[in-house]
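Below is one structure; the comments refer to it alone.
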Number of protein chains: 2
Amino acid sequence: MSKGEETRAAVLDEAARIVSATGLGGLTIGLLADRMQLSKSGLFAHFKSKEQLQLAVVERAADLYTERVVRPALKAPRGEPRARDLFDRQLRWATGDLALPGGCFFASVAAELDDAPPGPVRDRVVGAERDHADLVANVFRTGLSEGHFRPDADPEQYAFDVKGILLSYHHSGRLLADPKAEDKARTAFEALLQAVSVVE
Amino acid sequence: MSKGEETRAAVLDEAARIVSATGLGGLTIGLLADRMQLSKSGLFAHFKSKEQLQLAVVERAADLYTERVVRPALKAPRGEPRARDLFDRQLRWATGDLALPGGCFFASVAAELDDAPPGPVRDRVVGAERDHADLVANVFRTGLSEGHFRPDADPEQYAFDVKGILLSYHHSGRLLADPKAEDKARTAFEALLQAVSVVE
DNA sequence: CCGATAAAAGCACGACCGTTCGCATCCTGG
DNA sequence: CCAGGATGCGAACGGTCGTGCTTTTATCGG
């Protein structure tokens, strides 16, 4: 890896941390240059515009998420164990050993983009979120074909419900500082699994 | 109401709309002055600082929410009917006839404040969110004392679950433009009610 | 209807924003 | 080891930000 690629990668890592804490709006070239001990113009040269910087940091965050959450979870056995493992890693990604300092990168970004005008950055985030919802639904489908879950359960509904638990967890834990947030999230997930599991 | 109070109120209404769409970070004095056809300095004179403007708009949004969602819902009969009515109005507040143009004011603000340094604005938002979580839990408690819900159900857990449904609804509907978002939210709520209702 | 007072405008400031450009300096392949 | 391109710096630009002043205009009670 050449010197340029190296700094570029380091810059994007720091940028992802900043965005996770302050949102895309809080990512400023001057601030980023300070943190990296680079001049504004020197840093700017790596990305020809701010939009490309934002695009690159979204890409970096998506890679990070795949690396830390998705790929390991897909090694778990199909069905319920995989669903459990994925959920556990999602929790740790939001707050914990897998997390960026500001919590889930996409939770920070999604809220500020939901009413933004269309554009490359928004489109990329929406694409990532849709892909992720599909992934959760597909993990659930492996549980259907393994006979772990009720055949009439809707994978898309499951993905919607899991997303809700995670968002509420992020909200309670980060903003409200509720010490019982993790317990509530795990309780909610157990209740969800219970509801979609085959009757015994 | 004097002329000054009138302008101030109109400014705060417009500010609440802006914040609901773009977050507190998108609320700028110049933009607000343009929208109101006022000069920057003329508008600024109503609030001695930007922080006081932010504080005032949060206050205004909280009043609006109480007016449109909480107070009407509390007129419904105690217990399950009140819980249903409250949830329905919450959905309409997030997207619908009760909503600001950018969706739920607090959904926009909460995400960008979750890792912000403490301060009057953040404190006020956290207070409002805590009060609201308590309100939802208390509505659930009326259902407990009416015998509608299982005595072993946890009101705080219920509030956590409802918040998750609403956040996921906001996310799916606004960002991902999922046409089935409302169906999923209502399905999730019915399942939640089912789970906490007394067995028959 | 007029004079005190409230409301809004006009203008200027320092700070930071993204961006450009010319110049120094480092790395690196031949 | 040296040439030449990759990499980074400094200064400057037009804009917008929040925030003070002073001045003009509108409101409203006596």
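In what follows, chains are A, B, ... by sequence order, proteins preceding strands, each numbered from 1. All heavy atoms count here, side chains included; hydrogens, waters and symmetry mates do not.
In this structure, the side chains of B:C104 and B:S20 stay at 4.5 Å or more apart for every pair of heavy atoms. Two residues are said to be in side-chain contact when any heavy atoms from C-beta on lie closer than 4.5 Å; A:L53 and A:L12 meet this criterion.
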Passes side-chain hydrogen bond (donor to acceptor under 3.5 Å, both in side chains), B:Q90 versus B:H132? Steps please.
CA-CA 11 Å; B:Q90 286 174 319; B:H132 182 253; 3.1 Å; yes
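Of the residues in residues 6-14 of chain B, B:T7 come within less than 4.0 Å of DNA chain C through at least one heavy atom, sorted by number. Of the residues in residues 32-56 of chain B, B:K40, B:S41, B:F44, B:S49, B:K50 come within less than 4.0 Å of DNA chain D through at least one heavy atom, sorted by number.
The residue among B:L27 and A:S2 whose nearest nucleotide of DNA chain D is located toward the 5' end is A:S2.
From A:F160, atom CZ reaches atom CG of B:D183 across 10.0 Å, with rounding to the nearest 0.5 Å. Interatomic distance, NZ of B:K163 versus OG of B:S168, reported as 13.0 Å (0.5 Å rounding). From B:R174, atom CZ reaches atom CG of A:L113 across 13.5 Å, with rounding to the nearest 0.5 Å. Atoms CD and CG, on A:E67 and A:L98 in that order, are 11.0 Å from each other to the nearest 0.5 Å.
Reading DNA chain D from its 5' end, the first and the last nucleotide to sit under 4.0 Å from a heavy atom of chain B are D:dC17 to D:dC28.
Relative ring orientation between B:F149 and B:F140 is described as parallel, the plane-to-plane angle staying below 30° on a 0-90° scale split at 30° and 60°.
Only one option out of A:V162, A:V136, A:V139 pairs with A:F87 in a side chain to side chain contact (heavy atoms under 4.5 Å, CB included); it is A:V162.
Heavy-atom contacts from other residues, nucleotides or ligands closer than 6.0 Å to CZ of A:R150 number 12 or fewer.
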